[in-house]
Amino acid sequence: MTGTAIVVLGRGGLDVARKIQSALPVGRLHGLTRRVPDVDESFDDTRMHLRHLFAEGVPIIGICAAGILIRLLAEDISDKTSEPPVIAVAEDGSAVVPLLGGHTGGNDLAAQIAAALDVSPAITTAGEVRFGIALDEPPAGWTLANPGDMREFTANLLAGETLRIDDTLPSFVSESGLPRDLGGVLHITESVYEIGGDFRHLVFHPASVAVGVGCERGTDPDELIAIVETALSKEGIASASLAGIWSLDLKADEPAVHAVADRLGVAARFFDADTLEAETLRLKNPSDIVFREVGCHGVSEGAALAASGPDGTLLVEKTKSARATCAIAVAPAPIGVAAAGRPQGRLLIVGTGPGSDGWMTAESESAVAASTDLVGYSLYLDLLGDRAAGKTRYDFPLGEETDRVRAALDLAAEGRTVALVSSGDPGIYAMATLAFELLETGGREDWGRVAIEVCPGISALQAASARAGAPLGHDFCTISLSDLLTPWQAIERRVEAAADGDFVIAFYNPVSQRRTWQLATAREILLSSRPGTTPVIIARNLGRAEESVRTTTLDALDPADIDMLTVVLVGSSETRAVPRGDGRCWVYTPRGYAGKQTNGNE
């Protein structure tokens with residue numbers, strides 16, 4: 001489940017809901033089935049659906065009365081520091097009221113919605129109303145170290161006490177309307193170090209500390225973790241002030257670097273050698289040996305300084321273990337991690353299923369949602385619908401599969417998260433095989449540093465089988481009849497072997513405008529070893545509006561009825577067709593349970 005849920009309970013709220021959806025980066029319309037058509041997700045039980053969304057941490061925008069949301073979610077409300085935003089919006093768009101999650105982004109989301117509807121949000125958080133700032137919801141890059149003291153601190157402010165003016169005030173506090181003077185008894189401190197606070201003293205940690213690391217190939221992750229954690233602990237750096245882990249791009253696929261980032265709960269980012277070499281004059285320990293090996297005079301110090309920016313300073317010089325180094329730098333403000341270096345690129349090879357939205361797996365949905373770029377045949381990208389919104393598309397026609405995969409690898413090598421989209425399952429006559437073939441046979445050197453994940457999908461043979469019954473209930477195989485990449489002699493041998501083994505066979509690419517005789521030849525081979533009454537399933541346009549699934553026999557199979565949008569399942573000698581009341585039949589291949597039951601009764 002991804003994005004923000006815009007929940008519509010009646011048709012009257014659809015226009016406002018769609019206006020809000022267009023203003024959000026990722027918003028999906030959820031509609032009550034019996035009242036609201038044409039939405040992304042439908043539900044029948046409003047209470048259960050809202051409670052499920054809330055439990056999953058999904059922000060909820062209800063196009064309904066505030067009282068409805070309050071009554072339905074009342075028993076689930078417990079912790080304001082972790083609850084997702086819940087916002088009520090009037091059906092006519094005249095009111096936007098953040099009910100919950102004001103301290104987890106709710107107020108900001110309400111302001112965004114209100115701006116789209118050209119109204120003012122009904123913000124009721126006391127500190128924000130009085131002083132124009134919510135201290136327990138600091139700007140991005142800042143963390144309140146002692147949130148438990150927030151309530152009493154705010155009460156003191158509202159009672160008239162003032163802040164002490166000194167040079168430890170965070171910039172976002174200095175720019176606010178909080179009352180302050182030289183003799184103030186309340187104190188707010190900005191620090192990258194672990195320091196204590198109390199009900200009169202709030203401590204904010206800016207995410208302004210950069211850790212640079214270097215290591216030999218194959219370094220034990222525990223070694224790199226130990227050297228980094230020791231350096232941070234010795235310096236007394238607050239964990240909330242750690243912005244990320246940085247290194248040279250040659251280490252983008254180094255497990256130890258990613259293990260450190262995972263351990264510390266931050267991102268790993270990488271710079272090229274030229275960027276690190278530009279930091280040479282600021283290095284405390286430049287090395288000609290390192291330069292000869294990787295093209296820059298320092299990896300850990302250079303990476304930490306590059307991440308902290310031109311005004312950053314080195315807190316901890318390069319420290320060494322047997323196979324690893326680390327250094328620590330601090331920037332004058334929170335580090336914009338997204339703009340400091342690039343992440344390891346990811347290539348997510350996904351399958352959409354045969355055509356229906358319901359046949360796209362949750363893993364593939366998540367992969368598409370996580371991607372920044374989409375690469376694929378135009379028809380397959382179109383099948384993604386709203387899932388493609390906000391992502392850069394790279395469309396390719398049929399026949400340019402190699403160019404398609406190269407483009408995806410090139411983009412991923414630049415640090416992007418790329419979804420390479422296939423229909424069906426990406427590993428069955430699809431793009432996954434070609435991606436690994438190109439990696440093996442060569443290309444750009446940095447392709448090898450890309451993280452690759454293959455997300456399984458529902459294949460056409462599975463969909464056809466499910467529509468027809470259970471023809472794949474016993475041993476089966478798949479054979480492509482296309483001889484564009486495989487010589488016909490090899491295909492023919494496989495058909496003969498499948499016939500000899502009495503496998504159920506799923507024929508992919510059965511015919512095309514230029515290939516009409518291969519299916520007929522395969523039919524003749526099969527007729528030599530199994531009866532002409534063998535059931536054959538012809539499934540066309542699976543999962544689409546034009547879908548058709550029908551059953552014939554091996555004798556009656558006519559290649560003229562088949563096209564490239566069809567998958568053909570030919571039963572084994574054991575496959576059965578069971579008549580249905582509507583004149584069609586269910587097809588299944590028994591595994592021998594009947595014999596097992598008979599033997600058990602003897």
Side-chain angles (χ1 to χ4, degrees), residues 209-232 242-280 282-308 312 314 316-329 335 337-347 409-418 439 443-453:
V209 173
V211 175
V213 298
C215 63
E216 296 177 16
R217 179 62 70 184
T219 295
D220 185 338
D222 288 341
E223 179 180 343
L224 188 56
I225 289 171
I227 190 175
V228 170
E229 289 188 334
T230 299
L232 290 170
L242 183 59
I245 303 294
W246 278 268
S247 190
L248 178 66
D249 60 5
L250 291 176
K251 301 298 178 183
D253 63 335
E254 184 61 50
V257 176
H258 292 283
V260 173
D262 291 343
R263 173 69 168 259
L264 298 174
V266 295
R269 291 292 186 272
F270 304 90
F271 293 110
D272 60 32
D274 288 343
T275 300
L276 299 191
E277 180 61 11
E279 301 294 335
T280 300
R282 295 206 289 165
L283 301 181
K284 298 295 185 182
N285 299 280
S287 168
D288 291 334
I289 294 175
V290 173
F291 178 77
R292 286 194 296 271
E293 290 182 353
V294 298
C296 62
H297 280 82
V299 173
S300 57
E301 287 186 355
L305 288 167
S308 65
L314 206 58
V316 177
E317 296 181 18
K318 179 174 69 174
T319 59
K320 297 180 180 181
S321 64
R323 306 184 69 193
T325 64
C326 83
I328 301 175
I335 295 171
V337 176
R342 62 173 59 161
Q344 180 187 24
R346 298 173 67 200
L347 178 60
L409 284 165
D410 285 346
L411 289 166
E414 295 171 6
R416 300 171 183 264
T417 299
V418 183
L439 281 173
R444 283 174 43 170
E445 180 186 355
D446 51 4
W447 285 358
R449 297 194 288 273
V450 170
I452 299 179
E453 300 171 37

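All of these numbers come straight from a predicted model, not from anything done at the bench.
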K.L.:
Where do Phe271 and Ala303 come nearest, in terms of heavy atoms and distance?
P.N.:
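Here Phe271 and Ala303 meet closest at CE1-O, 3.6 Å.
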
K.L.:
Looking only at heavy atoms, which two atoms of Asp272 and Leu248 are closest? And how far apart?
P.N.:
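Heavy atoms only, the tightest pair is C-CD1, 4.0 Å.
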
K.L.:
Between Leu264 and Leu232, does a side-chain contact (heavy atoms from CB on, under 4.5 Å) hold up when you go through it step by step?
P.N.:
CA-CA 11 Å; Leu264 298 174; Leu232 290 170; 4.0 Å; yes

K.L.:
Compare every heavy atom of Ala243 with every heavy atom of Val266, then report the nearest pair and how far apart it is.
P.N.:
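Val266 and Ala243 have their closest heavy atoms at CB-O, 4.1 Å.
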
K.L.:
Do Leu283 and Leu305 have side chains that get closer than 4.5 Å, going by heavy atoms?
P.N.:
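They are in contact (side-chain heavy atoms under 4.5 Å apart), so the answer is yes.
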
K.L.:
Just by modelled atom types, is the Gly244 backbone N or O under 3.5 Å from a matching donor or acceptor in the Arg269 side chain?
P.N.:
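No.
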
K.L.:
Any idea which heavy atoms bring Ala267 and Val337 closest together, and the distance?
P.N.:
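Heavy-atom minimum between the residues: CB-CG1, 4.2 Å.
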
K.L.:
To the nearest 0.5 Å, tell me how far Ile245 CD1 sits from Phe270 CZ.
P.N.:
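The distance works out to 10.0 Å.
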
K.L.:
Quick one, Leu250 and Val294 - any side-chain contact, counting heavy atoms below 4.5 Å?
P.N.:
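In contact.
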
K.L.:
Are the side chain of Thr230 and the backbone N or O of Ile227 linked by a donor-acceptor pair below 3.5 Å?
P.N.:
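Judged by distance alone, no pair lies under 3.5 Å.
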
K.L.:
How long is the straight-line distance from CH2 of Trp447 back to CD1 of Ile452, given to the nearest 0.5 Å?
P.N.:
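So the gap between those two atoms works out to 10.0 Å.
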
K.L.:
Between His297 (side chain) and Glu279 (backbone), is there a donor-acceptor pair under 3.5 Å?
P.N.:
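Checked: no pair found.
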
K.L.:
I'd like to know if the side chain of Glu301 reaches the main chain of Lys318, judged simply by a donor and an acceptor atom lying under 3.5 Å from each other, with no hydrogens or angles considered.
P.N.:
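Confirmed, Glu301 side chain pairs with Lys318 backbone.
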
K.L.:
Look up atom CD in Glu216 and atom OG1 in Thr325, then write down how far apart they are to the nearest 0.5 Å.
P.N.:
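That separation rounds to 10.0 Å.
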
K.L.:
Please confirm whether the backbone N or O of Cys215 pairs with a side-chain atom of Lys251, one donor and one acceptor, at under 3.5 Å?
P.N.:
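Pair found, side chain donor or acceptor close to backbone of Cys215.
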
K.L.:
Is it true that a side-chain atom of Glu223 and a backbone atom of Arg323 form a donor plus acceptor pair closer than 3.5 Å?
P.N.:
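Present.
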
K.L.:
Calculate, to the nearest 0.5 Å, the distance between atoms CG and CG belonging to Leu347 and Leu411 respectively.
P.N.:
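Taking CG in Leu347 and CG in Leu411, the distance rounds to 9.5 Å.
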
K.L.:
With rounding to the nearest 0.5 angstrom, report the OG1 to CZ distance, Thr275 to Arg342.
P.N.:
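One finds 9.0 Å between OG1 of Thr275 and CZ of Arg342.
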
K.L.:
Nearest 0.5 Å please: distance from the CZ atom of Arg416 over to the CD atom of Gln344.
P.N.:
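It comes to 16.0 Å.
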
K.L.:
Please report the shortest heavy-atom distance between Ala340 and Ile335, naming the atom on each side.
P.N.:
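So the two residues come closest at CB-CG2, 4.3 Å.
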
K.L.:
I'd like to know if Arg217 and Asp253 make a salt bridge, using a cut-off of under 4.0 Å between side-chain N and carboxylate O.
P.N.:
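Answer for the salt bridge query: yes.
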
K.L.:
Is the backbone N or O of Gly214 less than 3.5 Å from a side-chain atom of Ser300, with the two atoms forming a donor-acceptor pair by type?
P.N.:
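No; judged by distance alone, with no hydrogens or angles, the pair does not exist.
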
K.L.:
For Gly312, does its backbone N or O pair with a side-chain atom of Arg282 as donor and acceptor, under 3.5 Å?
P.N.:
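Looks like yes, one N/O pair under 3.5 Å.
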
K.L.:
Which is it for Phe291 and Thr280 under the side-chain contact (heavy atoms from CB on, under 4.5 Å) test, yes or no, and what are the steps along the way?
P.N.:
CA-CA 10 Å; Phe291 178 77; Thr280 300; over 6 Å; no

K.L.:
Quick check: does any side chain N or O of Glu254 sit under 3.5 Å from a backbone N or O of Gly218, one acting as donor and the other as acceptor?
P.N.:
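Looks like yes, one N/O pair under 3.5 Å.
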
K.L.:
Would you call Arg444-Asp410 a salt bridge at under 4.0 Å N-O?
P.N.:
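Here Arg444 pairs with Asp410 in a salt bridge, since their nearest N and O are under 4.0 Å apart.
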
K.L.:
So which atom in Pro221 and which in Ala259 form the shortest heavy-atom distance, rounded to 0.1 Å?
P.N.:
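Between these two residues, the closest heavy atoms are CB-CB, 3.6 Å.
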
